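From a predicted model like this one, the values you see are computed outputs, not experimental measurements. Note: hydrogens, waters and symmetry copies are ignored here, and every other heavy atom, side chains too, is used.
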Amino acid sequence: YSCQLSTTPLRLMAFNPTAGDASEFLAGFLRHTVGHVLIAWLRYFDSDDDGDGQVSLEEFTTALRRLNFKGDAEVMFRQIDADDSGFLTLYEVDGKCADLWAAFRAWCAETFGSTEDMVAQLRGSLVELGPSEGDKRALRKQRSAVPPAECTFIREQFLENAPRHGWFGGFEDAIFTSLDRRKTGYVTQADLPWFEKARSQHNRRVQMRPAGNRSTMMNTAPGAAAKRNPMQALLAFMSFLRSCSMGGNLMQTWRSLLDPDGSLHVQKSDVQRACAQVGWRGDVSVLWSALDAPNGRAALEEFGFKEARALALFRAWAYAAAGGIQEIWQRLLSLERGFQRRRRSLLLQQQPLDALDTLDRQAFAFAVGRIQAPGKAQVEDPNYLFSILDWEPHGKLQYKDLRFLEFWEPVKWLSEQPDLNVAASFKETVLSKYGNHPVKAWRLCLDMDGTGICRWVAFNQACERIQWKGNCAKAWLGLDKQSLGFITLHNINAEVAENLALFRRWCFATYGGVAIAFHALDADGSGSLSEEEFVTVIQNSSFKGDALAAWNALNLEGSDILSEREMDFLDDMELDMLAAYVSATEAAEQLEAEKHKVEMDPTRRASTVCADFRRHSIVSQPQGSDDPSLLLATPESRVESLQSLGLHREPEVGSQSLVSLMTLPSLVDSKSVKFDVESPAGPASLSKAPK
């Protein structure tokens, strides 16, 4: 994803004006050169104090010259500037990063009353951190005034406090680096030139909303962003829980803060206590109103759908394969012991039996993969499941970590299997009920509260509304392929959703909002737009989508005019914030998956060699012995020890294997051997140590 920091080395060919998309080439160049498109854009292109978001040809060529670009910058500018406006915006270069930046600016305008308020709130209580002494000395040399600590916030403060105040778009590290345009390590009011314009546009959008809806958007106090509507408060709280957890899932904070007894249900008082404990600034009452909480209790799937589904699938699989949680644990242990028998035959022969009753990630994944349950019950991702169960985390599982599942009764639909055919049947039915108009079906059936998302309860109600008799659970899971816990218009009709997202981007980039754009397009002040007014103006602008398709999507009544009510709902859907949230979730999952690959690949686990050797050498010593070198007393024992660590493999061409080095005659005296592990990606090396 373009919003992720790039760590790939620069290997780009010279710009070819006749080959490929110029904007795609520029985005790739910026990612490889600077690491992130948004950072490059704010530091080199849109670096003016006015922060207008528009980059002229002169600014464009100057920025590329500073980045040592060797191609024809003017030709690239002309190709990207398809509407001949004479300037470029971030939307024309990278839509995803533009969504992220637009979402952050809108959130700031809705959450903080001024730049002073923004700095104070994001600084929080960690005032003493401030600029470092090195930064202060550097600024003194430049004869610049050093801002006091209370007028700045630093990276750590931003990462901690932005989610507390309701930001759920992720990528906090990249955003802070983008704000820190001068590379000082802190942000002041002077680094926020765009804020006043964003705040002004927000206030104008509030004033243009109908009186009945104005209260949902009005912001008169800090922290109001998380209070605007229940769904946004819920997404903000979920994002905050994930930001406080390790491994990209929220199970760590769920168990430690909300649900220490493992019932997988919480009450409102539990949420209030946790929010007070960690300092989340949202409105718990508004958050609670977004939950399906019968009898005053909300289940795990209301907060972390993916985590709840993984646990429900594992529980169903365990009962189908072995009859219970304790029984499946014994089978897993039995398989693990067989898998590790050769590896541990020497090292663990004197370890007490009860100490063996643990499974690390690799052993757990291996054992789960060897058990077949009858029917369709299965565990989709053992690595992800391990991260959820190992919430403390210890790096290993015991029976006590699974026992809570014996007392949990999940709702049946959580362990259903998705069915794409059933999902397609639902889409066909709901569209036919509303004249094959995706937006009409979405607004009048699935997303009746206008939040831009549809969760399980609303989906069930929609199935009843259209009297659909299919399997709701299979259809829901077939639509929510990413296990986000909600679906969007994109799941009903991706083409229409993407075109409307482009239209919303254009409205915000050009006018500051959809309702504002409506009044700007309504040149005669009639309170409505004809097809000619709408299509002609938009086609002659920088809009990159299909203007006629946007007209048809917005025109719910099928008439020859478009009313403001049919168009301004896009203001409230927060599509850019939602896109940033989904991108951040996917990026976190990709990062966690890559981490699991490293842990599971024995050729990439060299960083664990010392710790494993230390642990195994201690447990394999005779009682009363303090000499760990007995583990390496003979060449045979050294080879067996390496096998136990997964390091016995064939050497690469031109190199010696670790086993061959360990059996050299010069290393027979094991007291003269020590391990040096300097790189997690490289092999462990051996060196002579003083006796």
Side-chain angles (χ1 to χ4, degrees), residues 1-7 30-31 33-47 51 53 90 94 96-112 114-132 134-136 138-139 146-195 198 222 225 236 239-240 242-244 279 281 576-577 580-581 583-585 587-588 591:
Y1 285 87
S2 56
C3 290
Q4 290 178 265
L5 288 169
S6 174
T7 58
L30 297 180
R31 281 194 294 271
T33 306
V34 181
H36 196 287
V37 175
L38 182 58
I39 297 172
W41 185 260
L42 294 180
R43 281 188 175 177
Y44 295 95
F45 294 87
D46 186 23
S47 57
L90 183 55
D94 191 316
K96 284 185 177 291
C97 277
D99 277 342
L100 175 64
W101 182 232
F104 180 74
R105 285 183 293 132
W107 172 76
C108 290
E110 295 164 357
T111 306
F112 309 112
S114 63
T115 55
E116 182 180 3
D117 179 43
M118 177 176 172
V119 171
Q121 296 296 331
L122 292 178
R123 184 182 69 248
S125 59
L126 303 178
V127 179
E128 68 277 3
L129 294 178
S132 65
D135 292 331
K136 292 181 180 180
L139 286 171
V146 180
E150 60 269 19
C151 298
T152 68
F153 62 84
I154 62 173
R155 184 183 306 274
E156 290 77 9
Q157 293 168 327
F158 181 77
L159 298 183
E160 180 181 353
N161 292 315
R164 278 202 175 109
H165 286 278
W167 169 252
F168 60 90
F171 301 104
E172 290 88 354
D173 195 73
I175 291 175
F176 178 85
T177 307
S178 302
L179 295 176
D180 182 20
R181 297 182 299 171
R182 296 172 296 164
K183 304 180 184 179
T184 57
Y186 55 85
V187 175
T188 68
Q189 295 182 48
D191 297 312
L192 311 172
W194 44 266
F195 182 88
S239 180
F240 177 70
R242 294 185 191 279
S243 71
C244 296
R281 306 297 179 87
D576 43 16
M577 187 74 151
Y581 173 82
S583 292
T585 302
L591 186 63

Would you please name every residue forming a salt bridge (Lys or Arg N to Asp or Glu O under 4.0 Å) with [X], sequence neighbours left out?
| X | value |
| --- | --- |
| R105 | none |
| D180 | none |
| R43 | none |

Original post:
Going through the distances and angles, do F153 and F176 end up as a side chain to side chain contact (heavy atoms under 4.5 Å, CB included)?
Top reply: CA-CA 10 Å; F153 62 84; F176 178 85; 4.0 Å; yes
Reported [atom1]-to-[atom2] distance for the pair [X] and [Y], which is rounded to 0.5 angstrom:
| X | Y | atom1 | atom2 | result |
| --- | --- | --- | --- | --- |
| C108 | Q121 | SG | CD | 12.0 Å |
| F240 | H165 | CZ | NE2 | 10.0 Å |
| I39 | R31 | CD1 | CZ | 12.5 Å |

Subject >> H36 and C97, any side-chain heavy atoms less than 4.5 Å apart >> reply: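 Result yes, sub-4.5 Å side-chain heavy-atom pair found.
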Subject >> Any R182 side-chain heavy atom under 4.5 Å of T188 side chain >> reply: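 Yes - at least one pair of side-chain heavy atoms lies under 4.5 Å apart.
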Original post:
Taking only residues two or more places apart in sequence or in another chain, which ones pass ring-ring contact (aromatic ring centres under 6.0 Å, His included) with W41?
Top reply: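 For W41 the ring-ring contact (aromatic ring centres under 6.0 Å, His included) partners, ignoring immediate neighbours, are F45.
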Considering all heavy atoms, the nearest [X]-[Y] contact:
| X | Y | result |
| --- | --- | --- |
| S178 | L38 | OG-CG, 3.5 Å |
| A190 | R181 | O-NH2, 3.9 Å |
| G166 | A236 | O-CB, 3.4 Å |
| N161 | L122 | ND2-O, 2.8 Å |
| A198 | A109 | O-CB, 3.5 Å |

Subject >> Results of side chain to side chain donor-acceptor pair (under 3.5 Å) for T177 - residues two or more places apart only >> reply: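 In terms of side chain to side chain donor-acceptor pair (under 3.5 Å), with neighbours along the sequence ignored, T177 is linked to R155.
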Subject >> Test log, rule side chain to side chain contact (heavy atoms under 4.5 Å, CB included), inputs W167 and T111 >> reply: CA-CA 9 Å; W167 169 252; T111 306; over 6 Å; no
Subject >> Partners meeting side chain to side chain contact (heavy atoms under 4.5 Å, CB included) with T115 (sequence neighbours left out) >> reply: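 For T115 the side chain to side chain contact (heavy atoms under 4.5 Å, CB included) partners, ignoring immediate neighbours, are Q189, L192, F195, E196.
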Subject >> Sequence-distant partners of A98, side chain to side chain contact (heavy atoms under 4.5 Å, CB included), two or more places apart >> reply: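 Once residues adjacent in sequence are excluded, the partners of A98 under the side chain to side chain contact (heavy atoms under 4.5 Å, CB included) criterion are L90, Y91.
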Original post:
Sub-3.5 Å donor-acceptor pair from the side chain of Q157 to the main-chain atoms of I154, do we have one?
Top reply: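 It does hold such a pair.
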Original post:
When the ring planes of F158 and F104 are compared, do they come out parallel, tilted or perpendicular, using 30° and 60° as the limits?
Top reply: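 Judged by the thresholds at 30° and 60°, the geometry between F158 and F104 is perpendicular.
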Subject >> Criterion ring pair (Phe, Tyr, Trp, His ring centres under 6.0 Å) against W101, the qualifying member of W194, W107, F171 >> reply: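 Looking at W194, W107, F171, the match for W101 under the ring pair (Phe, Tyr, Trp, His ring centres under 6.0 Å) is W194.
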